[in-house]
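When a ligand or atom number is given, it counts from 1 through the structure's own listing order.
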Amino acid sequence: MSVTVRFAPSPTGNIHIGNVRTALFNWLYALKHEGRFVLRFDDTDTARSRQEYADQIAADLTWLGVHPHRIEYQSKRAAAHDAAAEKLKQAGLLYPCYETAEELDRRRKIRLSRKLPPVYGREALKLTDEDRAALEAEGRRPHWRFLLPNFADTPFETQRTGVQWDDVVRGPQTVDLASMSDPVLIREDGTYLYTLPSVVDDIDMGVTHVIRGDDHVTNTGAQIALFRALGAVAPEFGHHNLLTTTTGEGLSKRSGALSIKALNDDGFEPMAVASLAVLIGTSVAVSAMPSLEVMAQSFDPAATSKSAAKFDPSELDVLNRQIVHDLSYEAVADRLRAAGVDADDARAEAFWLAVRGNLDRVAQAADWWSIVTRGPATDAVLEGEDLDYARAAFDLLPDGDVSSASWSEWTSAVKSATGRKGRALFMPLRIALTGRSSGPEIADLLPLLGREGILARRP
Ligand code: GLU
């Protein structure tokens, strides 16, 4: 069977690492099975959905390396949703209800006091045509509920009805349809809740696998019933655990600091974000993966834990460093140029290889470029004996061209002449040359500075 997955965000804000976990689970699943990936904007909530968010989500996915085969907007598919709703109404499976929220709440409390499950008692099914006409004459508009197939003879006597599926992530699952209320599919104002459009679109778009967060497990029971009511075979389902903050709160599109856009703006590497988004909360150790293609080869959704996983942004820093330290010059040349490094300079590649091991972010290379090409920083200064020592040491720079061997020749000469060794020997030189007390190997920096550049830094 060819695989088609979909990622179905609501474009009501910028997506965060938790949303991207869902997108990547789907993308990796599609890559692994040579399937297709549909990006579907669930934008039926017209009050909150915005095109700019949809555009940002598409840009975030591109940045991560997720390239949808097809992009759809649910808001453009109203005719299909209406046709499905009509089909259900004709079959008596979508029925009008007129209760207000207060009425429903009162009934729920009564049921609870009678030790009955607080589900909707289908009272609206008892309304006659006259009752409905009278309610509508009062100005009431119906909302519409889907009649769950959880009864034998009469809908007023439900019976345990287990809907089962073999979850791609969680293994065998059962949801009892008698434990839930008939879901509202259409609101009073005629707009659809998410359930029906999602099922209709999954059918029409040939979705074979619905992979999403485990907050949808219960929905899946009703949705499988809905697929069947519409004459379709339900797809496979997979529900991954959700990510929370380090203090256990759910991630929200409103917590902008953790949005993918913010992480991108902050200079994180997409593979650092992707590696953590996928591997956190699984039995696979979190490490920096080289590419989504490599990740896909060993991707096993069943290795995902069932409990929520805490997302710690500091782990992202660790992964980012690992990735930056291995990036080739070709991979970063454009970004270095954008950050202010003169990529046409003959030293640019050697420079990158010298500094990358000291960077948290690629753009930090610009500071080192300035130190190498313009002059030392002023983060650390030489004083007293160290200043005198450094002056004397500069006079001992070996003659001739500066190469990667120069540092060891220079320090040997300095050691014999001054008796200094270790940190006392090299730190004043490092500070004189770079204006910093830590950084790339001096041996690698010297050839970049050249003889004149070095001597110009004699304190
Ligand atoms: N728009 C829904 C959400 O963001 C999609 C859920 C699903 O994947 O079915 O929760």
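Trp369 and Phe351 have perpendicular rings, their planes meeting at more than 60° on a 0 to 90° scale where under 30° would count as parallel. In this structure, Phe41 and Tyr73 have tilted ring planes: the angle between them lies in the 30° to 60° band.
Counting protein heavy atoms only, atom 9 (O) of ligand 1 is closest to Tyr194 OH, 2.6 Å. Protein heavy atom in closest approach to atom 10 (O) of ligand 1: His216 NE2, 3.0 Å.
Note: Leu279 CG to Phe299 CZ = 9.5 Å, rounded to the nearest 0.5 Å. From Lys32, atom NZ reaches atom OG of Ser298 across 7.5 Å, with rounding to the nearest 0.5 Å. Note that the CD1 atom of Ile186 and the NE2 atom of His81 stand 11.5 Å from one another [nearest 0.5 Å].
Between Ala8 and ligand 1, a contact under 3.5 Å exists for at least one N or O pair.
Listed by number with element, the atoms of ligand 1 under 4.0 Å from a non-hydrogen atom of Arg212 are 7 (C), 8 (O), 9 (O). Listed by number with element, the atoms of ligand 1 under 4.0 Å from a non-hydrogen atom of Ser10 are 1 (N). Heavy-atom proximity to Asp42, at under 4.0 Å, picks out these atoms of ligand 1: 1 (N), 2 (C), 5 (C).
Judged purely by atom type and a 3.5 angstrom limit, His69 uses its side chain to pair as donor or acceptor with the backbone of Phe37.
Residue contacts with ligand 1: Arg6 is included, with a non-hydrogen atom under 4.0 Å away.
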